[in-house]
Protein chains: 2
Amino acid sequence: MAGIYDYEHPFVCTDAVVFRITTQEADSYRKLPEPKLSVLLYNRPVEPFQGKWCLPGGFLNIDETPEDNIRRKLAEKSQLMECYLEQLYTFCDIERDERGRVISIAYLGLVKESEEKLNGEWFTVNTEGNRLTFEKGSIRLTEEDLGFDHYKIIQTALERLRAKLRYSDIIFHLLPTEFTLTQVQNVYEAITGKPEAAANFRRKIAHMVKETDRYTSDKGHRPAKIFVKNSDWDK
Amino acid sequence: MAGIYDYEHPFVCTDAVVFRITTQEADSYRKLPEPKLSVLLYNRPVEPFQGKWCLPGGFLNIDETPEDNIRRKLAEKSQLMECYLEQLYTFCDIERDERGRVISIAYLGLVKESEEKLNGEWFTVNTEGNRLTFEKGSIRLTEEDLGFDHYKIIQTALERLRAKLRYSDIIFHLLPTEFTLTQVQNVYEAITGKPEAAANFRRKIAHMVKETDRYTSDKGHRPAKIFVKNSDWDK
DNA sequence: TGAATAGTGTCTGTCAGACATTATGGG
DNA sequence: CCCATAATGTCTGACAGACACTATTCA
C-alpha cells in the first residue's frame with residue numbers, strides 16, 4: 001500500500017550491549033588470570049555526541065528485523081560473527097536524540113570467550129557503589145563520557161544479566177564450550193561482583209553441567225576436571 | 001534538524017494486553033463467586049483484519065511516549081483511567097502488518113477489581129492444553145479469531161504475568177486495596193490455573209501483606225480478616 | 001615444605017509442598 | 001448437624017549459606 005509512510009513518524013534504531021569476558025595476566029606466574037566482564041563501545045566520530053563513547057547499533061531499515069540489523073552492524077564494525085542476542089528493552093524518551101524523535105530497541109548480547117582477536121574497544125565494567133565505570137588501559141569512563149542514554153541502557157543490561165544468572169543457564173553464553181567449574185565460578189563472580197563459596201557454588205550449578213573424562217594440565221597446579229554444558233536440562 | 005524524516009522508515013505502534021479480574025455469580029447461593037482472569041479486546045471495524053478481535057493500541061505520534069499513547073487510547077475507547085502499565089516486548093516481524101512495516105511496542109496492563117462498569121469487551125482467558133481461548137457469554141475465540149500477531153502478544157503477556165507472580169508483588173495491581181487472603185489466593189489461582197494449598201499459600205504471601213483490625217461480614221460464612229498490601233516491603 | 005588451585009563433608013536455617021486439623025457462621 | 005469458608009499446625013525433603021577439611025601439582 002503506497003503512501004502510508006509519508007507523514008512524520010518516529011525513527012527506529014537499535015543498540016546492543018555486548019558483554020564478553022576478558023582476562024588479564026596475573027601478577028604472579030603461579031596465579032591464574034582473573035576474568036573481567038567487558039562491554040563493547042566505540043568512539044563516536046560525528047555529531048551529536050562526537051567523541052563520546054556509544055553502543056554499537058544503527059537505524060533500522062524497512063526490510064530488516066532489529067536482530068538482523070544488530071548482527072550486520074556487529075559484523076561490519078567488529079568482525080563479530082557469533083553472538084547470543086536477546087531483546088532487552090525499548091527506550092522511548094522523547095528527548096533521547098536531539099536530531100529528532102528516535103526510539104531505540106536495545107539488545108543484550110553475549111560473546112563466548114575465545115582466543116580470536118576481536119576488533120573494537122572492549123572496556124571492563126566496574127561497579128563502584130551503584131555507579132558503573134568502564135576501563136581500558138589508562139582510559140576510564142564514567143556516565144558523562146557516554147553518548148545518548150547509553151549509560152542507562154548498559155545499566156539495564158547488567159541488571160538483566162545478573163537477574164538471569166540466578167534462574168537460567170545464560171552464563172554459558174560467556175564461556176567456551178569446555179570449561180572447568182572454577183572457570184564458571186570466576187565468570188559468575190565477575191558478573192555479580194560478589195564472591196561465592198566454592199562448595200556451595202558447585203552444588204548450585206551441578207545440574208547444568210556434564211563431566212567429561214578429561215582434565216586440564218596447567219603448569220604448577222592440580223589438574224581440574226573439564227565440563228561441558230548439560231544440554232538436556234529441563235529446569 | 002529538518003528533513004531527517006523524509007525517507008521510508010518503519011512505523012511504530014503500541015498494543016496493550018490489559019488484564020482484569022472478573023467475577024461471575026456462583027451456582028449455589030452459599031458459594032462465593034469465582035474470579036476469572038479477563039483480557040480487554042475490541043472488534044476491529046476496518047481492514048485489515050476487519051471483524052477480528054484485537055488489542056487496544058494505535059500508532060505512535062512523534063511527540064508522545066508509548067505509555068502516554070496507550071493511556072490515551074484506553075481512556076478514549078474504554079473510559080479506563082487507572083491502570084498499571086509495564087513494557088512487555090517489542091514485536092518486529094517484517095510481515096506482521098500487511099499495510100507496511102510496523103513494529104509494535106507491547107505493554108502489559110493490569111486493572112484493579114472494582115465495581116465500576118468499564119466499557120469494552122472483557123473476555124475470560126482459558127488455558128486448554130497450551131492453547132489459549134477467550135470467552136464472553138456465548139462468544140468463544142481461538143487464535144484464528146484474533147488479528148495481527150495479537151494472539152502471540154497475549155501469550156507473551158500471560159507468561160510474563162505468571163513469571164512475575166512468583167518473585168514480585170504484581171498481583172496487588174489486580175486486587176482492590178483491601179482484600180482477604182482467600183481473595184488473593186483465588187486471583188493467584190485464576191492466573192496460574194493451578195490450585196494452591198491454603199496454608200502454604202498464606203505463608204508464601206505473608207511478608208507482602210499487613211493485617212487490619214477489620215473483618216468481612218459475608219452472610220452465611222465465617223468472617224475473614226481484611227488485609228492491605230505491605231508497602232514497606234524490601235525483598 | 002608451602003603456595004596455589006581443585007574438590008568434598010557437614011551443619012544450619014529457611015522455605016515450599018503435602019496433609020491433617022481446628023474454628024466459625026448460618027441454614 | 002452439616003456445609004462452606006477461614007485459619008493454623010506439623011512433617012518432610014530440597015536447598016542455600018557458612019565453614020572446615022582433604023587432595024594434587026610443582027617450585
Side-chain angles (χ1 to χ4, degrees), chain A residues 23 25-35 162-163 165-167 175 178-190 192 194-227 233-235, chain B residues 23 25-35 162-163 165-168 171 175 178-190 192 194-227 233-235:
Chain A
T23 51
E25 287 306 307
D27 44 329
S28 147
Y29 77 106
R30 307 242 356 221
K31 289 187 177 168
L32 293 179
E34 204 186 323
R162 284 177 176 164
L165 270 193
R166 287 190 233 110
Y167 63 88
L175 284 159
E178 302 200 324
F179 46 79
T180 67
L181 297 186
T182 303
Q183 226 178 324
V184 183
Q185 186 180 339
N186 287 338
V187 171
Y188 194 99
E189 290 173 343
T192 62
K194 286 174 192 167
E196 294 282 319
N200 302 335
F201 183 78
R202 274 150 195 268
R203 276 192 297 266
K204 185 153 65 186
I205 60 158
H207 63 289
M208 297 188 200
V209 297
K210 218 164 38 183
E211 285 187 352
T212 67
D213 51 3
R214 275 164 300 117
Y215 286 82
T216 57
S217 54
D218 282 327
K219 283 159 203 156
H221 297 298
R222 175 178 173 179
K225 188 154 238 174
I226 293 176
F227 286 78
W233 171 54
D234 44 2
K235 197 192 168 189
Chain B
T23 51
E25 286 307 307
D27 45 331
S28 147
Y29 77 107
R30 305 239 359 222
K31 288 187 179 170
L32 293 179
E34 204 185 325
R162 284 177 177 165
L165 269 193
R166 288 190 231 111
Y167 63 88
S168 81
I171 193 171
L175 285 159
E178 302 202 324
F179 46 78
T180 67
L181 296 186
T182 304
Q183 224 178 325
V184 183
Q185 184 179 342
N186 287 338
V187 170
Y188 194 100
E189 290 173 343
T192 63
K194 287 172 191 166
E196 294 282 320
N200 302 337
F201 183 79
R202 275 152 193 265
R203 274 192 297 265
K204 186 153 64 186
I205 59 158
H207 63 290
M208 297 187 202
V209 296
K210 219 165 34 183
E211 285 188 351
T212 67
D213 52 1
R214 275 163 299 119
Y215 285 83
T216 59
S217 55
D218 282 329
K219 280 158 204 157
H221 296 298
R222 176 178 172 179
K225 188 155 238 171
I226 293 176
F227 286 77
W233 172 54
D234 45 1
K235 198 191 167 186

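Source: prediction; values computed, not measured. No hydrogens, no waters, no symmetry mates; every other heavy atom, side chains included, goes into these values.
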* To do: In whole angstrom, give the distance that lies between atom CG of B:L181 and atom C1' of D:dT8.
  => 12 Å

* **Which residue lies more 5' along DNA chain C, comparing A:N200 with A:P223 via nearest heavy atoms** => A:P223

* To do: Starting from P on C:dT8, measure out to CD on A:E196 and report it in whole angstrom.
  => 17 Å

* Asked: Please give, in whole Å, the distance from D:dT8 P to B:E211 CD?
  -> 8 Å

* Tell me what B:A199 touches on the nucleic acid: a base, only sugar-phosphate, or nothing, going by heavy atoms under 4.0 Å. => base

* Asked: Counting side-chain heavy atoms from CB outward, which of D:dA7, C:dT5, C:dG7 is closest to B:K225?
  -> D:dA7

* To do: Compare all side-chain heavy atoms of B:K210 with those of B:F227 and state whether any distance is below 4.5 angstrom.
  => no

* Looking only at side-chain atoms of B:A224, point me to the closest of C:dA6, D:dG17, D:dA7. => D:dA7

* Would you indicate, yes or no, if D:dA6 has its OP1 or OP2 atom less than 4.0 angstrom from a side-chain nitrogen or oxygen of B:T182? => yes

* Is a donor on one side and an acceptor on the other found under 3.5 Å between the side chain of B:E189 and the backbone of B:E196? -> yes

* What about B:R222, does its side chain sit under 3.5 Å from the base of D:dT8 through a donor-acceptor pair? -> no

* What is the distance, rounded to the nearest whole Å, between atom CG of A:L32 and atom P of D:dC26? -> 14 Å

* Asked: Atom CD1 of B:I171 and atom CZ of B:F179: how far apart are they, to the nearest 0.5 Å?
  -> 9.0 Å

* To do: Mind calculating the distance between CD1 (A:I226) and P (C:dA6) to the nearest angstrom?
  => 12 Å

* Check: B:L181 and B:F201 side chains under 4.5 Å, non-hydrogen atoms -> no

* d(CZ, B:R214; C1', D:dA6) in whole Å -> 18 Å

* To do: Using atom CE of B:M208 as one end and atom P of C:dC15 as the other, report the distance to the nearest whole Å.
  => 12 Å

* Proximity to the side chain of A:R202 - top-ranked nucleotide from C:dT8, C:dT24, D:dA6 -> C:dT8

